[in-house]
Amino acid sequence: MTQAVPFLTLDALAVGASAIVTQVAAGDVAEDGVSLSRRLMELGFVPGEKVRLLKRGMPGGEPLAIKVGNSTFALRRFEAALISIQPE
Amino acid sequence: MAVVEKTVPGVHNAPANALPPVVALLGNPNCGKTALFNRLTGARQKVANYAGVTIERKEGAFNSQAGHTFRVLDLPGAYSLTAHTPDEAITRDVVAGLRRGDAAPDVLVCVVNATNLRLNLRLVLEVQRLGLPMLLALNMVDVAKKRGVVIDTARLSQELGMPVVETVAVQPGGEKALVAALDAMLPLPQVVTKPLSAIDAVSVEETQREVRRIIAAAVSGDDEASSTSEKIDSVVLHPVVGPIILAVLMFFVFQAVFSWAATPMDMITGAFEHLGAVLGEYVPEGHLRSLLVDGIIGGVGGVLVFLPQILILFFFILMLEDCGYLPRAAFLLDRLMGGVGLSGRAFIPLLSSFACAIPGVMAARTIQNRRDRFVTIMIAPLMTCSARLPVYALVIAAFIPSREVLGMMNLQGLVLFILYVAGIVSAMLVAYVMKRTMGGKGKHPLMMELPAYHWPHLRNLALGLWERAKIFVTRVGTIILSLTIILWALSSFPDAPEGATQPAIYYSVAGIIGRGLEYIFAPIGFNWQICIALVPGMAAREVAVGALGTVYAMSQTGDELANSLAPVLAASWGLPTALSLLAWFVFAPQCLATLSTVRRETNSVKAAWFMAGYLFALAYVAAFLTFRISTAIIGG
């Protein structure tokens with residue numbers, strides 16, 4: 001896959017839309033010293049995987065229910081913002 | 001990336017050792033691992049905490065068909081050994097043999113959800129790098145087959161280089177293939193595990209590529225078509241319909257906790273009263289009778305009476321958890337609760353606390369973030385528990401006239417409602433203040449899986465309830481029993497002198513303490529009678545009603561007591577005192593059982609003292625303001 005310039009992140013995806021993960025930014029190191037990006041990748045958010053935004057919470061469009069592979073995860077906006085995507 | 005400092009290799013027990021081999025069940029959360037553990041061990045299990053932390057350690061044992069005995073350890077669910085949560089840290093340390101008192105397992109059974117190999121296999125590949133003997137249990141194969149997922153187990157076994165068996169944890173006999181495979185692995189080789197740093201030898205992306213390759217080779221029919229769960233979620237997580245469903249569901253649970261529990265609670269109260277009466281006939285009047293009847297039977301009965309509420313509540317919590325709804329509830333409430341710095345997961349513990357703070361504090365275990373969990377535990381006692389109701393009912397009946405207000409509400413009901421709201425609002429304020437002062441890094445990750453829905457299984461539900469009941473009854477039988485005996489002794493000794501004009505409790509240690517407390521409590525309008533009643537009321541809040549009866553030398557019990565006590569109170573207290581007492585009970589850290597549960601759950605005496613201290617301060621300030629303001633308005 002070509003390394004596209006990250007121009008869109010997962011938190012901006014519309015409800016029901018799909019995309020391909022292109023990159024996961026490092027993000028802040030969490031309290032216990034493990035980086036968020038590593039955990040996101042461990043949950044399946046790795047470049048090349050298909051993601052789909054199922055629902056947004058209320059109020060404020062947070063958290064986001066995101067389908068990746070066969071799993072669904074709830075992410076807060078700042079977590080989703082670490083994931084760069086290429087909309088389909 | 002991740003820093004793994006501990007690199008001491010784990011050394012394993014020699015197979016010649018007489019101890020049966022330890023099988024550890026390892027897997028992602030929601031892979032059906034605990035159901036498989038229950039299937040393997042049945043009631044042969046021990047639930048305790050890992051030393052020094054409040055994470056459940058479940059161990060059990062089973063015998064195979066070939067006559068071998070195995071010990072089984074149900075490790076906390078983990079997405080990775082690069083630990084992100086305290087649960088995962090335990091799993092990592094046990095697998096690597098780094099925990100004192102827990103030898104490294106002799107064989108690892110990786111439990112994977114057959115419907116979600118894409119996520120689950122990553123952990124398997126990661127753990128494989130440690131070099132332990134391993135076995136893959138393809139759990140929930142029945143569901144996978146129904147969805148048309150075909151898994152070539154022989155090919156999967158060849159690709160992974162470990163035995164692969166199919167299991168259905170929720171079906172009798174669904175564990176047979178696993179047990180047979182474990183038998184076939186004996187005798188287990190003696191191995192030295194590689195250090196944890198071996199995991200980082202391959203990057204996460206590389207591992208995920210390998211998972212994709214294996215799935216492409218061994219699995220077919222695993223498409224991502226919109227599943228049933230997704231259809232349910234389109235309703236359950238709907239921005240408008242979702243919260244309505246949640247509200248209706250919670251209203252139903254709340255109703256059930258109070259209405260279904262009423263009969264068994266009456267039965268427990270009746271049984272204890274009967275027991276007390278029978279014992280009272282056989283034991284002569286005196287200290288022994290008082291200890292048995294008033295102290296032990298009265299005190300233990302007063303706490304045990306909450307068992308039906310706790311069981312009904314946990315029945316619903318376990319059921320909602322088992323079918324996958326709880327994370328959805330947390331999703332819906334995350335933003336709302338986030339406003340005061342709580343996580344959506346705090347919702348269930350707080351709801352539980354309306355029945356009793358003890359199960360609420362216990363339910364806070366489901367909150368992974370340590371700070372969120374601490375704040376939730378701290379505010380749990382501010383939810384109006386059912387033990388406060390008898391006190392509220394008594395004081396309201398005595399002082400608040402039963403008349404219509406605003407044309408539709410009864411003033412008594414309105415006051416009760418205000419007391420509930422006062423608890424909730426102050427809990428939110430306390431959470432907000434704690435969020436501001438304890439800070440942390442502000443942004444907390446959520447990253448919560450919304451697992452596929454499935455029907456709850458009665459057997460797992462029953463085992464879960466049994467566990468909760470055991471924990472609660474054990475606490476009542478140990479700490480709470482000793483506390484009640486101490487409080488009884490305080491209220492009974494020394495005896496009243498000859499020709500005493502006051503009730504006996506006046507002359508006891510509790511009486512002396514109570515009269516001493518009057519100096520502290522006089523500014524908030526409490527007389528010595530109230531102060532004395534507060535001392536035995538530490539066992540459980542509603543005991544204060546009985547104690548007031550003792551102080552005012554009433555001979556009735558139960559409803560009769562409340563009916564005859566109300567006019568006496570109305571005659572001897574001013575309205576400001578009554579209102580002040582109500583305000584006091586909204587906050588007061590009066591329940592030693594809750595405080596001891598907090599100590600146990602947080603593993604910190606300091607946390608319990610902190611809770612007692614801040615609640616006392618709030619209670620005093622609230623009662624003081626209530627007393628002063630109402631005195632100023634209506635006159636003492």
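Residue numbers start from 1 in every chain, and the chains themselves are labelled A, B, ... in the order their sequence lines are given, proteins ahead of strands.
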Is chain A contacted by the side chain of [X], its backbone, both, or neither, given a heavy-atom distance below 4.5 Å?
{"X": "B:R209", "value": "neither"}
{"X": "B:E449", "value": "both"}
{"X": "B:E88", "value": "side chain"}
{"X": "B:L332", "value": "backbone"}

In this structure, CZ of A:F73 is separated from CG of B:L119 (nearest 0.5 Å) by 5.0 Å
Sub-3.5 Å donor-acceptor pair from the side chain of B:D334 to the main-chain atoms of A:G57, do we have one?
-> no
Given a strict heavy-atom distance threshold of 4.5 Å, which part of [X] is in contact with chain B: side chain, backbone, both, or neither?
{"X": "A:E62", "result": "both"}
{"X": "A:L54", "result": "side chain"}
{"X": "A:L64", "result": "backbone"}

Can you tell if the side chain of B:Q208 reaches within under 4.5 Å of the side chain of A:M41, non-hydrogen atoms only?
-> no
How about B:T82 and A:E42: do any of their side-chain heavy atoms sit closer than 4.5 Å?
-> yes
Under-4.0 Å salt bridge between B:E230 and A:R52 = yes
Derivation of the salt bridge (charged side-chain N to carboxylate O under 4.0 Å, His left out) call for B:D200 and A:R38 | CA-CA 11 Å; B:D200 289 329; A:R38 183 186 174 108; 3.3 Å; yes
